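Have a look at the structure below, then the notes.
Just so it is clear, the model here is predicted, and its values are computed rather than measured.
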Amino acid sequence: MLLPTRRLPAAPSRPAVHPHIISAPRTLRLRRQHGGATMARATSTTPPVLGDTLLGLYEKERLGLSRYADEESNEDMFWETLDADLQYWTRGLRPVQWYPGHIAKTEKELKGQLKLMDVVIEVRDARIPLATTHPKMDLWLGNRRRIIVMNREDMVSADDRNAWATYFSSQGIKVVYSNGQLGMGTMKLGRMAKSAASTVNTKRREKGLLPRPVRAGIVGYPNVGKSSLVNRLLKRRMCPAAPRPGVTRELKWVRFGKDLELLDSPGILPMRISDQTAALKLAICDDIGERSYDFADVAAILVQILFRHPAVGPEAFRKRYKIDVDSDCGKMFVTKLSVHLFNGDTTQAAFRILSDFRKGRFGWVALERPPT
């Protein structure tokens, strides 16, 4: 006799999940869709792998490589679309402009001193190497020998350093990574400067002249660490230095041993910064005067950058400030943090976020990668 079969209740259908849509540039929406599709594939097509059979091990390796490729693809997408996102985000903001009176005088004097230099040492911020080079630098230097110093190398990851080292090497440009605060890279820089200008005294001897010290000029944007680098080279405080723009206000020649003379110079900027994405990066990294920008605006954009940054993400903010991140809008997060910690003072909240980034509280990350 056949027993009646027992019919199991149907499994409840899962509600459809609709992603929260916010106003954003097309590149950002494409990136989210791409990332979402990638994650959906990874979770829906992952078969159970039992045991350590040859087939199981192969499947584990395949899945691991797939996830690695997805992460690498997301990182590439972030860097490819970052500047487009920044252009979109900065459209309605007050332009970042800063040009103190002493910079115009410095620029004029520096052009005259360039004729005396055997080699030029251009100091850049390793977090934003492209944003911290003067648009007219190549024109001013001409064929003069140049060494690029990527200062604050401790504030970027090894991947960032390797990417830029490969980029400059392909262009035949000599690069030194340094930490002006701790003196890392300074001795190598001194040797490279002497080596780059070694032909100077060879030509002088051929003309019957006595040898002279090699003259090296140190130039760059404000607050990228020029004076700190000189002080570390000399192993004594010869030039005023402080962690803010505009401290050095006049040119100063100093002697480094018997074979090298260094020219410390104030930071130089264009009279008008036309590239506002570069200006925003200067503000984030404290390489331009604070009076030139609105703290809340700059901090809001920094939050949006770091939310999307592959090495940071919203979780870093959740852990740091002990509040939920329920939106990827930077302005909303700054407002929420101001209520949580500063009685609604958005300026104080913005300053805290910027200060935390500059001190590496979210990890040491760059805001630029070499162009492709």
Answer yes or no: is there a side-chain heavy-atom contact under 4.5 Å between [X] and [Y]?
{"X": "V219", "Y": "I121", "value": "no"}
{"X": "D259", "Y": "P213", "value": "no"}
{"X": "Y221", "Y": "I288", "value": "no"}
{"X": "V119", "Y": "I147", "value": "yes"}
{"X": "D328", "Y": "P314", "value": "no"}

Next item on the list: Output every pair passing ring-ring contact (aromatic ring centres under 6.0 Å, His included) with a member in residues 264-290, not counting sequence neighbours, ordered by first then second residue.
Entry: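 Every pair satisfying ring-ring contact (aromatic ring centres under 6.0 Å, His included) with a residue in residues 264-290: there are none.
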Check: Does any pair with a residue in residues 135-162 pass ring-ring contact (aromatic ring centres under 6.0 Å, His included), and if so which ones, sequence neighbours excluded?
Finding: H134-W140
Notebook entry, point to check: What about F78 and H309, are their ring centers closer than 6.0 Å?
Noted result: yes
Under 4.0 Å between a Lys/Arg side-chain N and an Asp/Glu carboxylate O for [X] and [Y]?
{"X": "R144", "Y": "D118", "value": "no"}
{"X": "K203", "Y": "E206", "value": "no"}
{"X": "D297", "Y": "R94", "value": "no"}
{"X": "K281", "Y": "D287", "value": "no"}

Taking [X] for the side chain and [Y] for the main chain, is one N or O donor matched with an acceptor at less than 3.5 Å?
{"X": "R91", "Y": "Q87", "result": "no"}
{"X": "T81", "Y": "M77", "result": "yes"}
{"X": "R255", "Y": "L260", "result": "no"}
{"X": "Q276", "Y": "I273", "result": "yes"}
{"X": "T346", "Y": "S338", "result": "no"}
{"X": "S292", "Y": "G289", "result": "yes"}
{"X": "D160", "Y": "V156", "result": "no"}

Search all heavy atoms of [X] against all heavy atoms of [Y] and return the closest pair with its distance.
{"X": "N223", "Y": "D286", "result": "ND2-O, 2.6 Å"}
{"X": "P135", "Y": "P270", "result": "CD-CG, 3.6 Å"}
{"X": "W98", "Y": "P222", "result": "CZ3-CG, 3.8 Å"}
{"X": "L306", "Y": "V312", "result": "O-CB, 3.5 Å"}
{"X": "L367", "Y": "C285", "result": "CD1-SG, 4.1 Å"}
{"X": "L141", "Y": "R146", "result": "CD1-CD, 3.3 Å"}

Using a side-chain heavy atom cutoff under 4.5 Å and only I, L, V, M, F, W and Y, what cluster partners does [X] have?
{"X": "V200", "answer": "none"}
{"X": "I148", "answer": "L130, M150, W164, Y167, F168, I173, V175, Y177"}
{"X": "W364", "answer": "M155"}

Next item on the list: Give, for atom CE of M187 and atom CG of L189, the distance between the pair rounded to the nearest 0.5 Å.
Entry: 10.0 Å
Margin query: For the OG1 atom of T166 and the CD atom of Q171, what is their distance to the nearest 0.5 Å?
Written below: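 Answer rounded to 0.5 Å: 11.5 Å.
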Qualifying salt bridge (Lys or Arg N to Asp or Glu O under 4.0 Å) pairs, either residue in [range], two or more places apart:
{"range": "residues 329-349", "result": "D326-K336"}
{"range": "residues 171-187", "result": "none"}
{"range": "residues 123-136", "result": "E122-R124, D125-R127, D125-R152"}

Margin query: Please evaluate residues Y321 and I353 with respect to the criterion side chain to side chain contact (heavy atoms under 4.5 Å, CB included), reporting the C-alpha separation (whole Å), side-chain torsions for both, the decisive distance (0.1 Å), and the verdict.
Written below: CA-CA 10 Å; Y321 301 114; I353 293 170; 3.8 Å; yes
Next item on the list: Take D159 and S157 through the side chain to side chain donor-acceptor pair (under 3.5 Å) test and state the conclusion after the steps.
Entry: CA-CA 5 Å; D159 289 343; S157 68; 5.1 Å; no
Note to self: Does M332, at its CE atom, have more than 12 non-hydrogen atoms belonging to other residues, nucleotides or ligands within less than 6.0 Å?
What the structure shows: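 Open: at most 12 neighbouring heavy atoms sit under 6.0 Å from CE of M332.
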Item checked: Whether over 12 other heavy atoms sit under 6.0 Å from N162 CG -> yes
Notebook entry, point to check: Under the side chain to side chain donor-acceptor pair (under 3.5 Å) criterion, do S178 and N151 qualify, and how do the steps go?
Noted result: CA-CA 5 Å; S178 73; N151 198 30; 2.9 Å; yes
Margin query: Could you go through D264 and K226, starting from their C-alpha distance and side-chain angles, then the distance that decides it, and tell me whether this counts as side chain to side chain contact (heavy atoms under 4.5 Å, CB included)?
Written below: CA-CA 7 Å; D264 184 32; K226 300 181 298 298; 4.0 Å; yes
Note to self: R145 vs V120, test: side chain to side chain contact (heavy atoms under 4.5 Å, CB included). Steps then yes/no.
What the structure shows: CA-CA 6 Å; R145 296 175 181 85; V120 175; over 6 Å; no
Checklist line | Partner residues of F351 under the ring-ring contact (aromatic ring centres under 6.0 Å, His included) criterion, sequence neighbours left out | finding: F295
Next item on the list: Apply side chain to side chain contact (heavy atoms under 4.5 Å, CB included) to Q113 and list each qualifying residue two or more places apart in sequence or on a separate chain.
Entry: L116, M117, L251, W253, L263
Notebook entry, point to check: Of all residues at least two apart in sequence or in a different chain, which pass the side chain to side chain contact (heavy atoms under 4.5 Å, CB included) check with L209?
Noted result: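 Listed in chain order: R204, K207.
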Next item on the list: List for me each residue that meets side-chain hydrogen bond (donor to acceptor under 3.5 Å, both in side chains) alongside R358, sequence neighbours excluded, and say none if there are none.
Entry: Y293
